[in-house]
Student: 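Pasting in a structure now, in C-alpha cells, and then I'll have a few things to ask.
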Amino acid sequence: MPATTYIGKSINMFWDGIFHFFCMLVVLAGIILMWKLLSRKDIDRAGKLFGGGLLLGWGLFNIVEGLIDHQILKLHNVIEFSTDHNTGNFIFLGVSVMMLIIGYVLVNRKHQHP
C-alpha cells in the first residue's frame with residue numbers, strides 16, 4: 001500500500017509489526033533449539049556452528065526478502081533516496097549471497113585437532 005497517506009502508513013506499519021513479531025518468534029525458537037543442542041557432548045562449541053548458522057540464516061532471509069520485496073513486489077528499496085534503486089538492491093543481494101556462502105563453509109568445516 002502506498003505510504004502517501006496517514007492510513008497507508010498506518011496499515012504498512014501494522015503489517016510490518018506483525019512481520020517483525022513473527023521474526024522474533026522464529027529467533028526465539030532458534031535460541032531454544034540451540035540451547036537444547038548445548039547439552040549434547042558431540043557438539044562443537046568453537047563458535048563456527050553458531051557464527052555460520054547466523055550467517056546462513058541472515059543471508060537466506062535477506063535473499064528471500066530482497067527478491068520478494070525489492071525485485072518482485074517492489075515494496076521498498078535498500079536506498080530509497082537514490083535515482084538508481086537497482087544498484088543498492090543488487091549490492092544487498094550480492095552481500096547476502098556472500099553471507100550465505102561463508103555461513104555454509106563455516107557450518108560444514110570439520111573440526112581440526114592440532
Side-chain angles (χ1 to χ4, degrees):
M1 177 166 252
T4 55
T5 66
Y6 176 77
I7 293 173
K9 289 179 184 180
S10 297
I11 291 171
N12 288 347
M13 283 195 298
F14 172 79
W15 284 109
D16 195 45
I18 297 294
F19 171 72
H20 283 97
F21 178 72
F22 173 75
C23 289
M24 245 175 50
L25 291 178
V26 171
V27 168
L28 182 62
I31 289 170
I32 291 169
L33 290 171
M34 185 182 69
W35 188 265
K36 287 182 176 186
L37 275 176
L38 289 175
S39 65
R40 292 177 45 179
K41 302 295 180 205
D42 61 339
I43 296 297
D44 181 11
R45 290 177 172 81
K48 291 183 180 126
L49 180 63
F50 178 69
L54 283 174
L55 287 173
L56 272 170
W58 196 3
L60 182 63
F61 174 84
N62 283 350
I63 289 171
V64 171
E65 193 266 341
L67 287 174
I68 292 173
D69 289 349
H70 304 163
Q71 302 299 323
I72 297 171
L73 298 177
K74 301 198 183 300
L75 294 178
H76 64 91
N77 297 291
V78 175
I79 305 170
E80 286 293 343
F81 303 108
S82 170
T83 55
D84 180 20
H85 297 297
N86 283 329
T87 301
N89 292 339
F90 287 129
I91 290 172
F92 179 79
L93 287 174
V95 169
S96 300
V97 168
M98 288 173 40
M99 290 167 54
L100 201 62
I101 292 168
I102 293 168
Y104 180 81
V105 168
L106 285 173
V107 167
N108 288 303
R109 180 176 287 172
K110 300 294 181 204
H111 184 67
Q112 298 174 355
H113 297 285

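Keep in mind the model is a prediction, meaning the values are calculated, not measured.
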Student: Give, for atom CD1 of Ile32 and atom CG of Leu37, the distance between the pair rounded to the nearest 0.5 Å.
Tutor: 12.5 Å
Student: Tell me which pairs pass side chain to side chain donor-acceptor pair (under 3.5 Å) where either residue lies in residues 87-101, with sequence neighbours left out.
Tutor: Asn77-Asn89, Asp84-Thr87
Student: Could you give the distance from CG (Asp16) to CZ (Phe19), rounded to the nearest 0.5 Å?
Tutor: 7.5 Å
Student: Look up atom CG in Leu106 and atom CZ in Phe50, then write down how far apart they are to the nearest 0.5 Å.
Tutor: 12.5 Å
Student: Please answer: with hydrophobic residues joined when any side-chain heavy atoms are less than 4.5 Å apart, are Leu54 and Leu49 in the same cluster?
Tutor: no
Student: If two hydrophobic side chains count as joined below 4.5 Å and joins carry through other members, does Val95 share a cluster with Leu55?
Tutor: yes
Student: Is there a path from Ile18 to Ile7 through hydrophobic residues (I, L, V, M, F, W, Y) whose side chains come within less than 4.5 Å of each other?
Tutor: yes
Student: Specify the closest pair of heavy atoms between Phe92 and Val78, including all atoms of both residues, with the distance to one decimal.
Tutor: CB-CG2, 3.5 Å
Student: Check the pair His70 / Glu65 against side-chain contact (heavy atoms from CB on, under 4.5 Å), numbers first and verdict last.
Tutor: CA-CA 7 Å; His70 304 163; Glu65 193 266 341; 3.7 Å; yes
Student: In Å, rounded to the nearest 0.5 Å, how long is the span from CG of Asn62 to CH2 of Trp58?
Tutor: 7.0 Å
Student: Quick check: do Met99 and Phe61 have side-chain heavy atoms less than 4.5 Å from each other?
Tutor: no
Student: Membership question, hydrophobic clusters at under 4.5 Å side-chain separation (ILVMFWY): are Ile72 and Val64 in the same one?
Tutor: yes
Student: Are Ile79 and Phe90 connected, step by step, through hydrophobic side chains (Ile, Leu, Val, Met, Phe, Trp, Tyr) whose heavy atoms are closer than 4.5 Å?
Tutor: no
Student: Rounded at 0.5 Å granularity, tell me how far NE2 in His85 sits from OG1 in Thr83.
Tutor: 8.0 Å
Student: Taking atom CG of Asn86 and atom CG of Leu93, what is their separation to the nearest 0.5 Å?
Tutor: 10.0 Å
Student: What verdict does the side-chain contact (heavy atoms from CB on, under 4.5 Å) test give for Tyr104 and Arg109, after you've listed the backbone C-alpha separation in whole Å, the side-chain angles of each residue and the deciding distance to 0.1 Å?
Tutor: CA-CA 8 Å; Tyr104 180 81; Arg109 180 176 287 172; over 6 Å; no
Student: Give me each pair satisfying salt bridge (Lys or Arg N to Asp or Glu O under 4.0 Å) with a member in residues 30-40, each pair once, sequence neighbours excluded.
Tutor: Arg40-Asp42
Student: Got Ile63 and Leu100 here, is their nearest side-chain heavy-atom distance under 4.5 Å?
Tutor: yes
